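First comes the structure, then the notes that go with it.
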There are 2 protein chains.
Amino acid sequence: MNRPSSPRASRRKAGTRTIRDVAALAGVSSITVSRYFNTPEKVSEAVRERLREIIDRIGYVPSQVAGGLASGRGRVVCAIMQNIASATFADLVKGMTDELQASGLQLLLANACYSQSLEEDAIRAFLGWHPSALILTRDDHTPAAEAMLAALNIPVVEAWGYVEDRPYHQVGFPHAEAGTELTRHFLDQGARRVRFVLPYAEEDFRATQRAQGYARAMAAAGLVSDVRRADVSDDYEVGAREIDAVRAAPRDTRPQAIVFTNDYMAAGAILHASDCGMDLPADCAIAGFGGAGVSARLKPALTTLRPGRYQIGQQAARTVLQLLAADPATEPSASRTLVPCELLVRESSRIVRP
Amino acid sequence: MNRPSSPRASRRKAGTRTIRDVAALAGVSSITVSRYFNTPEKVSEAVRERLREIIDRIGYVPSQVAGGLASGRGRVVCAIMQNIASATFADLVKGMTDELQASGLQLLLANACYSQSLEEDAIRAFLGWHPSALILTRDDHTPAAEAMLAALNIPVVEAWGYVEDRPYHQVGFPHAEAGTELTRHFLDQGARRVRFVLPYAEEDFRATQRAQGYARAMAAAGLVSDVRRADVSDDYEVGAREIDAVRAAPRDTRPQAIVFTNDYMAAGAILHASDCGMDLPADCAIAGFGGAGVSARLKPALTTLRPGRYQIGQQAARTVLQLLAADPATEPSASRTLVPCELLVRESSRIVRP
DNA sequence: TTGTACGCGTTATCAG
DNA sequence: CTGATAACGCGTACAA
């Protein structure tokens with residue numbers, strides 16, 4: 001009963017070396033090899049030397065999986081993006097990987113496609129990996145997601161936005177204020193009819209937040225908001241159509257300036273304007289958002305508000321690293337790190353008085 | 001000796017639920033819960049129902065870490081990009097995650113920054129995760145990396161390129177032929193002086209491959225290659241300077257057409273040309289590579305060769321899934337999947353006979 | 001269909 | 001500084 005006929009075959013996969021193989025070769029116990037990796041200062045110089053040579057020779061790499069299970073803390077940071085393919089999130093990812101790779105942490109990535117529900121699914125899937133930290137890119141979650149986050153008991157960073165009264169760490173900038181800043185740039189020049197153009201898809205809630213900042217700035221100046229929602233998905237085409245709309249309107253009701261949700265729409269406007277004989281910025285001033293590379297090359301060069309996308313990713317990762325390094329006892333209240341945008345003022349946004 | 005004074009405290013982290021907690025609640029053994037997740041058809045309908053309810057209620061998520069260790073095969077696919085922040089690799093990543101997330105596989109990402117040595121480091125780091133497959137984005141590796149790949153004994157896919165005589169699966173397109181195709185596009189129109197412009201950084205070896213394809217096409221037509229290497233890193237500026245260089249040259253030695261390594265350089269050229277009174281494509285025809293969104297909006301609209309970036313990522317993931325699903329016994333020889341580029345012929349590349 | 005026993009490769013704990 | 005032992009949470013093999 002206590003001894004089956006055969007002593008049960010090993011389940012080892014061929015070619016897999018373990019900490020014990022290394023230990024045997026070095027004539028030490030396996031725990032010493034473990035210490036060699038985790039707390040080398042507790043291993044004598046002589047043994048360390050011997051182990052280094054053996055590990056190099058047989059190309060041994062410790063199993064993160066086994067280590068994670070045994071220690072309870074996997075060296076994993078999970079991040080959920082809203083649209084991995086976009087330049088915005090690609091830069092965020094680069095900032096995070098650059099910082100995490102250096103610390104030996106592995107980044108696990110998921111794509112939520114701007115959906116709360118997909119974000120919830122991703123969080124749930126990540127639970128199984130026992131992450132040491134979680135980086136999100138929105139601050140409104142489903143109740144189920146909030147519950148999981150609260151129960152997780154690991155550092156959670158909400159990157160990209162910058163919001164008050166959240167229980168988690170914030171790294172980013174206030175999007176509403178970004179809209180306000182661009183609007184004020186025009187108001188300060190004396191413009192009174194300023195339009196804001198939203199993209200076709202409602203999914204990007206950040207764009208909506210910027211529109212709210214625009215509306216606040218207009219209201220504060222005693223002006224009427226003029227928000228238009230695009231009717232095509234191609235950003236360049238949106239810009240082109242806006243130019244056509246402006247041309248079709250009587251001069252005295254035309255917007256003097258347009259703030260576009262992103263630089264691609266603004267670029268579409270500028271490229272189309274030069275095509276149909278419209279004189280920018282005299283006929284209509286333009287500003288974008290994002291700091292796209294092409295913005296400086298357009299004629300007129302595009303004024304844009306450039307967020308520190310890479311820096312936000314980097315800072316989010318740094319925040320995680322600090323929290324992991326800190327004494328878990330010192331409960332740090334949710335921090336907020338502002339990574340400001342840079343307003344690049346160029347020719348396109350100059351208000352020309354008639 | 002065999003019984004320490006205290007029966008050794010549990011190392012369980014507070015709040016962590018295990019398969020056994022679920023089993024206890026359901027009044028079954030833990031293996032039944034395991035089967036519920038892995039082979040539900042082997043669990044009776046009644047038990048399944050009960051488990052479903054309990055798992056939902058307590059929010060249990062199986063540990064991927066423990067499961068991976070026990071089964072020997074983690075549900076992990078590792079991918080190494082060359083520049084995560086670029087649109088190219090961002091699209092690849094999206095294609096891969098879209099496909100893998102649906103299959104419950106987790107993507108582990110690393111960034112090699114176009115460095116063979118960093119790629120080797122990333123492969124080594126990935127070894128510790130016992131990946132079920134590996135996706136690379138180059139086909140020349142360090143000897144150490146090749147050795148690890150050979151020893152790994154898991155599916156390896158080299159994405160983005162399309163090369164013969166590699167021991168691994170290929171998904172992509174031949175970059176040299178991309179250069180050839182763009183060059184022929186001009187030669188077929190009767191052009192004889194065609195220039196190829198490489199970026200400043202030598203790191204992107206794919207650009208060099210496209211240049212080789214250009215050189216072959218020129219040689220095949222009995223023409224002399226005219227490859228220029230950019231002297232600034234800003235792609236738009238490169239394009240602008242090329243236009244200046246063309247204008248400075250006598251008309252009868254000017255290139256009739258330029259193939260740019262990427263669309264941003266080409267866009268820089270077009271934007272600058274309209275600025276300094278150069279008439280494109282009459283004065284010089286232009287083609288780019290990449291299928292950037294802005295290309296269609298330029299004046300003249302830019303001819304470009306658009307690779308199926310998303311599709312390549314997707315197909316690389318599909319290849320991985322197929323190989324994982326296939327009988328491991330059937331050793332499939334390295335497959336090659338061509339994801340062709342699309343030549344978008346627009347106004348910028350029309351050769352105008354004087 | 002369900003259960004028992006044990007191992008996966010590593011680390012925490014305690015002992016020397 | 002080094003080692004023996006047990007645990008981490010789950011899946012495989014085998015038995016019922």
Side-chain angles (χ1 to χ4, degrees), chain A residues 1-24 26-51 60-75 127-130, chain B residues 1-24 26-51 60-75 127-130:
Chain A
M1 172 191 188
N2 56 347
R3 275 286 147 261
S5 48
S6 63
R8 194 153 301 212
S10 163
R11 270 150 55 184
R12 279 274 289 287
K13 279 202 301 192
T16 311
R17 304 200 159 286
T18 79
I19 208 174
R20 272 191 281 267
D21 299 327
V22 178
V28 297
S29 83
S30 53
I31 187 65
T32 302
V33 181
S34 172
R35 289 196 181 106
Y36 170 82
F37 285 107
N38 299 305
T39 51
E41 70 278 7
K42 291 188 176 176
V43 177
S44 70
E45 178 60 37
V47 174
R48 235 183 307 175
E49 200 55 49
R50 196 143 31 105
L51 285 175
Y60 167 76
V61 178
S63 164
Q64 301 289 335
V65 180
L69 178 59
S71 67
R73 44 184 156 62
R75 299 191 60 69
L127 286 182
W129 289 100
H130 305 297
Chain B
M1 173 188 189
N2 54 349
R3 273 290 148 261
S5 46
S6 61
R8 195 151 302 206
S10 162
R11 268 151 56 184
R12 280 274 288 287
K13 278 202 301 191
T16 311
R17 307 199 158 285
T18 80
I19 207 174
R20 270 190 284 267
D21 300 326
V22 177
V28 297
S29 83
S30 53
I31 187 63
T32 302
V33 181
S34 171
R35 289 195 180 106
Y36 170 82
F37 285 108
N38 300 305
T39 51
E41 70 277 6
K42 292 190 176 175
V43 177
S44 70
E45 178 60 37
V47 174
R48 235 184 306 176
E49 200 55 49
R50 194 143 33 104
L51 286 175
Y60 169 76
V61 178
S63 165
Q64 300 290 332
V65 181
L69 179 59
S71 67
R73 45 186 154 63
R75 299 192 60 69
L127 286 183
W129 288 101
H130 304 297

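Below, each value reflects all heavy atoms present in this structure, side chains not excepted, and no hydrogens, waters or symmetry copies. Since this is a predicted model, take the numbers as computed values, not measurements.
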Test of ring centre spacing under 6.0 Å for B/Y36 and B/Y60: no

Base of D/dG9 paired with side chain of B/R17 (donor-acceptor, under 3.5 Å): no

Touch class at under 4.0 angstrom, heavy-atom based, for B/V47 against every strand present: sugar-phosphate

Spacing of B/K42 atom NZ relative to D/dA15 atom P, expressed in whole Å: 16 Å

Presence of B/S30 side-chain N/O under 4.0 Å of C/dG3 phosphate oxygens OP1/OP2: no

Shortest non-hydrogen separation from A/T32 to A/V43 and the atoms involved: O-CG2, 3.9 Å

Distance test, side-chain N/O of B/S71 to OP1/OP2 of D/dT12, below 4.0 Å: no

Side chain of B/S34 - closest among C/dT11, D/dG11, D/dT2: D/dG11

Interatomic distance, B/I31 CD1 vs D/dC10 C1' [rounded to whole Å]: 8 Å

Rounded distance (Å) that lies between atom P of C/dG9 and atom CH2 of B/W129: 16 Å

Rounded distance (Å) that lies between atom P of C/dG9 and atom OH of A/Y60: 10 Å

Protein-nucleotide distance (B/E41, atom CD; C/dT2, atom P), rounded to Å: 12 Å

Exercise: identify the closest heavy-atom pair between B/A26 and B/L51: CB-CD2, 3.6 Å

Sugar-phosphate only, base, or nothing, as touched by B/V28 at under 4.0 Å among non-hydrogen atoms: sugar-phosphate

Sugar-phosphate, base or nothing in reach of A/Y36, heavy atoms under 4.0 Å: nothing

Nearest-Å distance for atom pair CZ/P, residues B/F37 and D/dC10: 9 Å

Residue pair A/A23 / A/S29: nearest heavy atoms and the distance that separates them: CB-C, 3.6 Å

Phosphate OP1/OP2 of D/dT12: any B/R73 side-chain N/O under 4.0 Å: yes

Sugar-phosphate only, base, or nothing, as touched by A/Q64 at under 4.0 Å among non-hydrogen atoms: nothing

B/T39 side chain to B/K42 backbone, donor-acceptor under 3.5 Å: no

Euclidean distance, atom CG of residue B/L69 to atom C1' of C/dC6 [Å, nearest integer]: 13 Å

Nucleotide of C/dT11, D/dC10, D/dC1 approaching A/N38 most closely (side-chain heavy atoms): C/dT11

Presence of A/S29 side-chain N/O under 4.0 Å of D/dG3 phosphate oxygens OP1/OP2: yes

Value in whole Å for how far the C1' atom of D/dT2 lies from CZ of A/R35: 6 Å

